[in-house]
Amino acid sequence: MSEVTRETLSSVLEEIALLLEIQGENPFKIRAYRQGAEIVSSFDGDIVARAKDNDLKGIKGIGEALQDKLHELATTGSLEFHQKLRGKYPDTFFDLFDIEGLGPKKIAALHKELGIASIPDLKAACESNKVAGLSGFGKKTEQKILEAIERREKFADRFLLHTATAAAETILERIRSHPDVLRAQWAGSLRRSKETIGDLDFIAATSKPADLTAWFSELDIVTDVIVHGDTKCSIRLENGLQCDLRAVSNEQYPFALQYFTGSKEHNVAIRSRALKQGLSLNEYGFTAAGKTTPHEPIPTVHDERDIYRTLGLDYIEPELRENHGEIEASEDGSLPRLIELENLRGTFHNHTTASDGVATLEEMAEAAIDLGLRYLGIADHSKASFQANGLDEERLAKQTEEIAEWNRQRGDELWIFSGTEVDILKDGSLDFSDDTLASLDYCVASVHASFTLDEKTMTKRIIQAMENEHVTMLGHLTGRLLLRRDEYAVNHEKIIDCAAETRTIIELNCNPRRLDMDWRWWRKARDKGVLCSINPDAHRPEQFQFLRFGIGIARKGWLRRKDVLNTFTLDEVKDYLGTPKAKRSL
DNA sequence: GCCGTTTTCGGCCCGACTGTTTTCAGTCG
């Protein structure tokens with residue numbers, strides 16, 4: 001039996017939810033399984049060990065039935081209930097849920113009537129016009145399914161943050177400049193600063209909603225109109241990105257913005273809180289709920305703050321709205337004051353033409369000055385990263401001298417810290433000697449090869465690097481490339497504990513392809529006293545702009561100004577780096 | 001299937017839009 005992981009537990013529950021949907025089960029039962037999957041995957045602690053020990057009592061959302069199932073799954077590696085449900089469905093069957101416009105009912109019908117159990121099956125059935133004949137289906141549905149299959153092959157179903165942000169800025173500007181629009185904002189996962197984006201949501205306040213959705217459907221950027229009604233319009237851009245506009249009245253606007261910002265989990269919790277106060281909350285406003293009438297008249301709401309205030313809550317920043325404890329913290333006034341872009345005074349981990357960057361040291365420095373930064377860290381690759389033209393000791397020494405010369409000439413404008421992004425070799429040793437590392441201001445240590453080690457070996461490898469006195473910070477912890485390459489196996493808890501113990505900074509690599517370490521771990525790291533450095537990993541001057549995405553992720557990870565190295569003043573950074581590692585503190 | 005200082009049973013969010021229907025089921029968010 002293969003090792004049962006958190007992901008196993010979570011994905012089995014998720015699959016059960018899908019199968020129950022197919023069977024037309026009670027939607028609330030389905031939701032319970034789905035919530036169970038979510039709870040398991042974000043549980044703060046060793047959920048697998050707890051499941052093995054049958055010690056799941058008291059976890060909200062995991063009742064008796066799920067406790068038993070998780071215990072069985074964790075101890076035996078499989079779950080009879082799940083196996084029985086799965087019955088005759090092959091693995092490929094679950095791909096059908098990715099097809100836009102297909103839900104459990106239609107998928108069940110396709111499977112029952114035509115034996116369809118994979119996307120190729122479905123494509124063939126549509127092409128031979130078998131689907132249009134089914135009850136509840138028709139010509140148009142068949143055509144739409146074919147288009148959705150084609151789109152799935154052609155485009156990613158999610159987009160990186162910088163792609164989505166660039167599109168969103170253009171579109172929002174056009175919406176806001178429309179004469180009938182009073183105010184507008186993007187909502188959804190982009191506003192919450194998720195690491196990847198499925199589609200864009202815009203909310204606009206207007207007294208002429210139908211006119212606005214009609215205008216939106218005819219924009220020159222539209223390649224396809226997905227839906228178009230009087231208050232809502234969904235279009236698709238050339239790159240496949242779907243954009244939804246919802247046109248509401250000015251009174252409804254804050255409610256719509258709050259509602260469509262989500263997350264769904266946050267909203268469910270917020271709405272149930274409202275219900276306890278006798279208020280029903282939806283995307284249009286507060287209404288008196290059921291039989292009970294609110295004790296006081298429903299207050300007027302002008303913006304999102306008023307909604308939270310009405311519910312007795314401090315304002316919750318969009319990035320925090322994941323139902324990961326923000327509502328409780330809001331209630332008792334313990335929400336953090338989140339870091340802001342303006343707090344950043346510098347950046348570490350940037351490349352130049354010395355290794356695989358496309359701009360010289362001077363060009364990078366000038367760009368940093370233009371951006372208003374006070375200091376800049378250079379960290380080119382080390383020699384083991386041959387493919388990236390990594391520096392050997394000699395070239396590194398030369399670069400260090402160039403940097404010293406810059407600091408003598410223009411250090412008052414911009415101070416440059418000389419560093420390296422040293423490879424953590426397969427055995428956990430570093431690509432430079434301690435003496436070489438000691439000649440630098442700081443050192444980023446990263447894994448660039450041997451990604452396939454098992455979790456234990458990989459974790460040990462990285463920990464060994466962090467234990468080095470000269471390793472200031474750990475680069476892109478998991479090596480993931482979003483939408484392209486999975487993270488390698490590494491035990492986050494152990495790395496975080498080790499970072500706290502050895503005073504090693506963990507990088508928040510804010511290249512939108514990475515956004516690594518993941519936002520879900522930062523709050524825990526912060527609480528253990530681990531310092532963060534927000535690093536763009538810039539290979540060209542424009543990539544300093546990635547810092548904004550790093551701020552979004554840091555905010556999502558509950559980080560405050562004081563938790564991030566590059567909010568320090570130049571003198572503070574010099575002090576920090578000049579202090580022996582073991583004596584450094586927040 | 002989960003939950004509860006109103007509840008151990010009866011709630012659990014629901015509105016917009018589309019396509020296939022001929023008044024509504026299914027999907028989506």
Side-chain angles (χ1 to χ4, degrees), chain A residues 13 16-17 20-22 24-39 56-70 81 96-110 131-145 147-148 187-189 192 198-203 209-210 213 217 225-235 242-248 252 255-287 289-292:
Chain A
L13 294 186
I16 290 172
L20 293 177
E21 270 189 314
I22 288 284
E25 254 286 4
N26 174 358
F28 299 107
K29 186 192 271 196
I30 294 161
R31 189 207 279 176
Y33 276 98
R34 197 152 274 147
Q35 263 171 357
E38 174 62 28
I39 290 162
L56 297 168
K57 212 171 178 157
I59 302 175
K60 199 160 177 270
I62 308 285
E64 271 182 48
L66 262 65
Q67 285 172 35
D68 290 346
K69 290 188 171 73
L70 287 170
F81 177 70
L96 294 171
F97 287 89
D98 287 348
I99 301 296
E100 226 179 305
L102 287 190
K105 294 280 159 52
K106 286 209 162 87
I107 290 174
L110 289 165
V131 170
L134 294 182
S135 158
F137 292 74
K139 262 277 157 233
K140 272 197 160 166
T141 306
E142 191 173 77
Q143 192 53 39
K144 288 213 158 180
I145 291 174
E147 284 167 15
S189 52
R192 298 202 315 282
D199 52 29
L200 299 179
D201 296 286
F202 299 92
I203 313 295
T213 57
S217 73
V225 177
I226 303 161
V227 295
H228 176 196
D230 286 347
T231 62
K232 168 183 173 171
C233 179
S234 294
I235 55 114
Q242 179 180 328
C243 307
D244 299 349
L245 171 70
R246 286 181 169 82
V248 295
Q252 293 166 339
F255 294 98
L257 184 60
Q258 196 282 331
Y259 184 90
F260 289 107
T261 295
S263 67
K264 200 170 67 188
E265 293 75 16
H266 174 88
N267 284 350
V268 167
I270 287 290
R271 285 195 301 271
S272 86
R273 189 184 169 87
L275 277 176
K276 282 182 193 147
Q277 299 182 24
L279 290 169
S280 169
L281 173 64
N282 65 17
E283 63 263 54
Y284 302 116
F286 281 126
T287 49
K291 293 155 257 172
T292 47

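Throughout, a chain's letter reflects where its sequence line sits, starting with A, and its residues are numbered from 1.
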Tell me, please, which residues at least two apart from E25(A) pass side-chain hydrogen bond (donor to acceptor under 3.5 Å, both in side chains). K29(A)
Side chain to side chain contact (heavy atoms under 4.5 Å, CB included) filter on A17(A), not counting sequence neighbours, yields I30(A), Y33(A), R34(A)
Distance check, P atoms only: dG29(B) and dT23(B), in whole angstrom units. 29 Å
To check you understand the geometry: which heavy-atom pair defines the closest contact between F137(A) and A109(A), and what is its length? CE1-CB, 4.0 Å
What integer number of Å spans the P atoms of dT18(B) and dC13(B)? 26 Å
Provide the distance between the two P atoms, one in dT20(B) and one in dG15(B), to the nearest whole Å. 25 Å
Which residues satisfy the side chain to side chain contact (heavy atoms under 4.5 Å, CB included) test with T213(A), sequence neighbours excluded? H228(A), C233(A), A247(A)
Please produce a list of atom pairs where a protein N or O lies less than 3.5 Å from an N or O of nucleotides 8-10 of chain B.
none

Length of the CD-C1' vector between E265(A) and dC13(B), whole Å: 14 Å
Summary of salt bridge (charged side-chain N to carboxylate O under 4.0 Å, His left out) pairs that have at least one residue in residues 132-145 of chain A, sequence neighbours excluded: K139(A)-E142(A)
Taking only side-chain nitrogens and oxygens of Y284(A), does any of them come within less than 4.0 Å of OP1 or OP2 of dC13(B)? no
Any strand, both distances under 3.5 Å, Watson-Crick or G-U wobble: dT8(B) pairs with none
For residues G36(A) and L66(A), report the shortest heavy-atom separation together with the two atoms involved. CA-CD2, 3.9 Å
Could you say whether H228(A) or I62(A) is positioned toward the 5' end of DNA chain B, judged by the nucleotide with the nearest heavy atom to each? I62(A)
Counting only side-chain nitrogens and oxygens, does S280(A) get under 4.0 Å of the OP1 or OP2 atom of dC14(B)? no
Separation of the P atoms in dG11(B) and dA16(B), to the nearest angstrom: 24 Å
Base, sugar-phosphate, or nothing for E64(A), non-hydrogen atoms under 4.0 angstrom? sugar-phosphate
What distance, rounded to whole Å, do you find between the two P atoms, one in dT22(B) and one in dG26(B)? 14 Å
Apply side chain to side chain contact (heavy atoms under 4.5 Å, CB included) to I39(A) and list each qualifying residue two or more places apart in sequence or on a separate chain. I59(A), I62(A)
Separation of the C1' atoms in dC14(B) and dT8(B), to the nearest angstrom: 28 Å
Using the side chain to side chain contact (heavy atoms under 4.5 Å, CB included) criterion, which residues pair with S263(A)? Sequence neighbours excluded. R192(A), E265(A), H266(A), E322(A)
In a table with atom names and distances, give each donor-acceptor pair under 3.5 Å that connects a side chain of residues 267-274 of chain A to protein atoms at least two apart or in another chain.
unit_1	atom_1	unit_2	atom_2	d
N267(A)	OD1	Q258(A)	NE2	3.2
N267(A)	ND2	Y259(A)	O	2.7
S272(A)	OG	A269(A)	O	3.3
R273(A)	NE	L311(A)	O	2.9
R273(A)	NH1	E331(A)	OE2	3.2
R273(A)	NH2	L311(A)	O	3.1
R273(A)	NH2	E331(A)	OE2	3.4

Nearest-nucleotide 5' precedence on DNA chain B, D230(A) against R271(A): R271(A)
Where along nucleotides 19-29 of chain B does protein come under 4.0 Å, by heavy atom, of base (B) or sugar-phosphate alone (S), with - for untouched nucleotides? SSS----SSSB
Please work out if L66(A) contacts a base, only the sugar-phosphate, or nothing of the nucleic acid, heavy-atom cut-off 4.0 Å. sugar-phosphate
Separation of the P atoms in dC2(B) and dT6(B), to the nearest angstrom: 23 Å
Between C1' on dC2(B) and CZ on R31(A), what's the gap in Å once rounded to a whole number? 10 Å
